[in-house]
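Below: one structure, written as structure tokens.
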Amino acid sequence: MWERTLQDLIRGLRANKTDERKFIQQAIEEIRREVRGKDMELKAGAILKMTFLDMLGYDLTWANFNIIEVMSSQKYHLKTIGYLAASQSFSEHTDVLMLTTNLLKKDLSSTPADVALALNGLSHFVTPDLARDLTQELNAMLNHSRAHIRKRVVLALFKVIQQHPDALPYCLPRLKEKLEDPDASVVSSTVNLFCELSRRNPQDFLILAPPLFHILTTSSNNWMLIKVIKLFGAISPFEPRLVKKLQDPITDLIQTTSAISLLYECVHTCIVGGMLEGTSGLPLARLCVTKLSGFLENDDQNLKFIAMMAMVKIVPIRPDLVAEHQAVILNSLDDFDISIRMRALDLISSMVTSHNAQFLVQQLLSHLVKASEKSETLPSASESLSRAVVAAPNTAPTFTTAYRLEVATRVIDMCSRNMYENVRDFDWYLSVLLDLIYVANADVASIVREQLMDVVIRVKACRAYAVKLMTKLLDDDALVLGANDPTKCTGVLWAAAWICGEYCDDLSDPRYALMRLVIPSIALLPADIISIYLQSAVKVLSRWLIGLSEEWSDEQLPQVKSIVATVLEGFQRFVSHADVEVQER
Amino acid sequence: MIHAVFIFNTSGTPRLTKFYSPLKSPDLTTTIPQKIFKLVSSRPQGACNFLDVPDLDLTSELNINRSDNRLCIVYRNYATLYFVFVVDGAESELGMLDLIQVFVESLDRAFKNVCELDLVFHFDEVHAILAEIIQGGLVLETNVGEISRMVEEGYKARKASYAAANPLSLSGGVMGGMSRGGNSNVSTPLSSFQSPIGWLTERIAGLNAR
């Protein structure tokens with residue numbers, strides 16, 4: 001006969017690791033019986049056990065009504081169990097919550113311990129109806145004698161206001177008073193509340209500026225300061241005079257604080273409030289960037305992370321200042337910590353301008369090369385890249401495919417932004433795109449294809465070069481054979497074939513291209529690519545024939561015949577292809 | 001605000017799960033901690049304590065207004081446990097790191113050199129302690145002394161209430177007291193993470209506790 005307590009359940013679980021499921025099913029059966037009884041202690045014990053099992057994934061909601069029974073017990077230790085279960089199980093959609101209104105009202109006017117329980121529980125499961133009914137009561141409780149309760153009421157109001165927005169104007173006067181509460185932690189909670197609320201409608205909280213300013217200049221509690229600064233960051237865009245007033249205290253804080261969390265918030269608010277712009281903002285901006293770069297070179301990864309996040313925010317306004325620290329940022333790309341690498345990527349992609357685009361992109365590409373597990377021979381058009389391949393060490397950490405895809409996407413984004421405003425030399429960009437295919441080792445086919453098409457269609461001047469590159473691609477057997485391997489990016493052959501077909505005027509050797517377009521192994525390619533191949537083959541053939549016809553001579557006839565025959569032979573193979581498109585071609 | 005708090009051990013078993021935002025479906029209460037455990041346990045030593053979660057897509061699972069921007073995971077590893085906070089842009093990341101430390105110290109004071117088994121056998125106490133630190137996803141109190149005082153008050157009240165209801169009982173039954181639940185294994189105390197003074201000094205000097 002076992003004693004049915006939480007302790008026993010846990011001990012039993014640990015003893016029965018092999019048939020855990022069966023043990024738990026038995027335990028749940030036991031619990032079901034216990035909650036139906038009259039004994040409140042037993043009921044509460046059962047609910048507690050079920051709450052524990054809920055953490056392991058077993059549904060608790062069937063006992064909702066019983067939970068309310070336990071919550072309404074007058075005994076504090078049982079009530080605690082009820083509220084705990086409620087906060088884990090109830091949501092705003094739980095229908096038994098309708099039964100709780102009176103219970104909550106009773107608890108809210110009971111002993112401070114009960115009040116605390118009720119407020120905490122309320123924050124988990126308040127519904128619009130409950131919120132409406134309890135607003136008045138909660139507003140009155142803002143003046144409760146105990147600071148602990150006042151704190152809790154303030155925070156509970158957050159959820160209440162979320163469910164019942166009219167509660168805010170009703171409670172705002174008293175809440176404003178709380179900013180001057182004698183107890184510092186009540187003030188802190190109030191600031192916290194306003195900070196959360198201001199994320200939705202910042203303008204409504206402009207009236208709080210005076211008391212908040214007072215707190216900003218007098219408090220030394222970092223927690224509170226962080227929230228106050230965040231709050232100012234949210235409201236200052238709506239009041240330019242406020243920005244001027246804030247400049248001094250914030251500069252002060254930046255210079256004196258040793259807490260980087262606070263420093264980050266100050267920088268963020270400066271940016272949001274436009275304090276770093278123009279000539280007047282330059283000294284402040286320089287101060288921020290200098291402080292941040294100090295943290296960038298710190299050994300502590302956390303500080304690096306935060307410093308980078310702040311730099312990302314500064315870059316749009318003061319790119320020149322950030323560019324001074326380019327070397328450090330590029331070094332961080334090789335960091336073993338992916339969070340840092342992502343931040344560095346963010347930074348680099350926002351730092352790009354038409355001057356440094358080539359340099360930054362080369363850096364990213366060589367970074368990708370190091371990222372590939374094997375170094376393959378690259379028929380790439382970029383010389384600096386081949387240099388990097390030769391020098392690539394084998395000690396780089398293995399990067400995930402998702403990360404490599406991210407890097408490749410960033411490269412393309414950096415170049416294609418704002419209608420390619422950062423790209424001066426499109427031939428170079430085309431070669432970059434090709435490099436991505438070979439270097440990325442990730443599925444970049446579709447985005448590269450899009451880019452290739454886009455650039456070639458728009459930019460006439462690079463078409464000749466494009467066709468040259470595309471023939472190289474067509475030439476690459478590895479790409480054709482690797483049709484099933486997404487890392488080989490065979491999809492780009494679609495673009496290659498299309499470009500050759502469309503701009504076949506620029507083909508230096510149409511016969512060779514034609515041959516490549518009809519070789520047998522293209523049967524391995526996916527159907528849509530095959531259809532493009534066939535289409536292009538026809539275009540190239542016709543173009544070539546036209547060219548020939550301009551200077552016709554009889555001895556070319558057998559040549560033409562043989563070529564046409566090969567092409568026809570190539571086509572024959574696909575007449576019975578599964579895909580309709582291919583057949584049609 | 002803070003959207004969720006998890007404690008799980010190095011094998012992935014959850015020791016505490018607390019959500020402060022509504023979930024789209026109930027089975028997410030186990031799948032989200034599992035996903036996070038996978039991410040967190042594969043972190044190299046010495047990496048920073050923050051993780052973005054774009055691929056986790058927690059925003060939809062947690063029913064959050066997408067305009068509220070990114071979610072960040074802040075985690076710390078103490079002995080055999082991972083403490084994980086899921087927060088949004090309204091919270092300062094380094095501040096959250098401090099808060100985890102505050103949480104662990106409060107646990108330490110309440111359980112006297114807390115270890116994993118304390119969390120297992122007294123999970124309701126752990127919830128009570130967490131409730132003195134965070135309410136409804138917002139930070140309630142950051143001072144360890146104040147938190148411990150309230151925890152102590154609550155504990156005494158529960159004990160008194162239980163004693164009143166069961167005048168003949170010894171310390172056992174539903175309450176179970178603050179004892180170690182009768183385990184005989186020797187478990188690693190969490191207090192290898194340093195005293196508050198030592199930790200603060202290290203922080204100012206720019207080093208990390210772990």
Side-chain angles (χ1 to χ4, degrees), chain A residues 5-7 10-11 41 44-45 48 51-52 54-57 59 61 75-78 80-81 84 91-92 113 119-120 123-124 148 151-152 155-156 158-159 185 189 192-193 195-196 199 222-223 226 230 258-261 264-265 298-306 336-337 339-340 342 402, chain B residues 1 14 16-18 20 22-23 26-27 29-30 43-44 46-52 55 68 90 92-95 97-98 120-121 123-124 127-128 131 135-143 146 150 153-154 157-162 164-166 172-176 181-182 204 206-208:
Chain A
T5 64
L6 175 68
Q7 311 280 321
I10 298 175
R11 265 185 236 129
E41 285 281 346
L48 186 60
T51 313
F52 180 79
D54 166 75
M55 181 168 68
L56 301 177
D59 178 46
T61 52
K75 308 200 177 104
Y76 182 64
H77 69 291
L78 298 179
T80 320
I81 294 173
L84 172 61
S91 71
E92 60 187 73
L119 287 171
N120 197 18
S123 306
H124 279 278
H148 178 76
K151 265 193 295 192
R152 286 199 180 267
L155 293 183
F158 174 57
K159 287 291 164 100
S185 49
S189 302
N192 203 351
L193 172 66
C195 191
E196 259 329 301
R199 289 165 77 71
N222 274 350
W223 277 98
I226 288 176
K230 268 199 198 279
S258 57
I260 182 174
S261 43
Y264 170 71
E265 290 309 325
N298 196 301
D299 277 330
D300 185 341
Q301 299 285 82
N302 291 329
L303 298 182
K304 270 196 216 163
F305 183 86
I306 303 286
F336 64 93
D337 181 345
S339 304
I340 303 271
M342 291 303 293
Chain B
M1 62 178 274
L16 181 108
T17 51
K18 191 72 159 182
Y20 295 103
L23 289 171
D27 55 303
T29 51
T30 40
R43 295 282 282 170
C48 75
N49 297 80
F50 312 112
L51 278 174
D52 331 283
D55 39 335
D68 250 60
S92 154
E93 286 88 354
L94 282 175
L97 217 49
D98 288 358
V120 175
F121 279 98
F123 89 108
D124 49 333
H127 273 277
Q135 178 184 286
L138 300 180
V139 176
L140 179 66
E141 181 58 63
T142 55
N143 179 292
E146 183 61 30
M150 293 311 304
E153 251 183 53
R158 282 197 296 280
K159 222 171 175 181
S161 169
Y162 180 77
N166 303 282
V174 174
M175 271 302 303
I204 290 173
L207 303 167
N208 224 348

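Each chain gets a letter, A, B and so on, in the order its sequence line appears, and its residues count up from 1.
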Where do [X] and [Y] come nearest, in terms of heavy atoms and distance?
| X | Y | answer |
| --- | --- | --- |
| Phe52(A) | Val120(B) | CE1-O, 4.0 Å |
| Lys230(A) | Ala90(B) | CE-O, 3.0 Å |
| Thr30(B) | Met55(A) | CG2-O, 4.0 Å |
| Ala156(A) | Gln135(B) | N-NE2, 3.3 Å |
| Tyr162(B) | Glu41(A) | CE1-OE1, 4.0 Å |
| Val139(B) | Trp223(A) | CG2-CZ3, 4.4 Å |

With a 4.5 Å limit on heavy-atom distance, are the side chains of [X] and [Y] in contact?
| X | Y | result |
| --- | --- | --- |
| Met1(B) | Arg199(A) | no |
| Glu265(A) | Ser92(B) | yes |
| Leu48(A) | Phe123(B) | yes |
| Ile81(A) | Asp124(B) | no |
| Lys304(A) | Cys48(B) | no |
| Arg11(A) | Phe121(B) | yes |

Using 0.5 Å steps for rounding, measure from the [atom1] atom of [X] to the [atom2] atom of [Y].
| X | Y | atom1 | atom2 | answer |
| --- | --- | --- | --- | --- |
| Arg43(B) | Gln301(A) | CZ | CD | 8.5 Å |
| Asn192(A) | Leu140(B) | CG | CG | 9.5 Å |
| Leu138(B) | Lys159(A) | CG | NZ | 7.5 Å |
| Ser261(A) | Leu97(B) | OG | CG | 9.5 Å |

Q.
I need the residue from Leu16(B), Thr29(B), Leu94(B) with the largest number of non-hydrogen atom pairs under 4.5 Å to chain A.
A.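 When all of Leu16(B), Thr29(B), Leu94(B) are compared, Leu94(B) has the most.
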Q | Most chain B-contacting option - heavy-atom pairs closer than 4.5 Å, from Leu84(A), Ile226(A), Thr61(A), Leu193(A) | A | Leu84(A)
Q) Of the backbone (N, CA, C, O) and the side chain (C-beta and beyond), which part of Ser161(B) lies under 4.5 Å from a heavy atom of chain A, both, or neither? A)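 Its backbone and side chain both get close to chain A.
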**Q.** Contact class of Phe158(A) relative to chain B, heavy atoms under 4.5 angstrom
**A.**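 Contact with chain B: side chain only.
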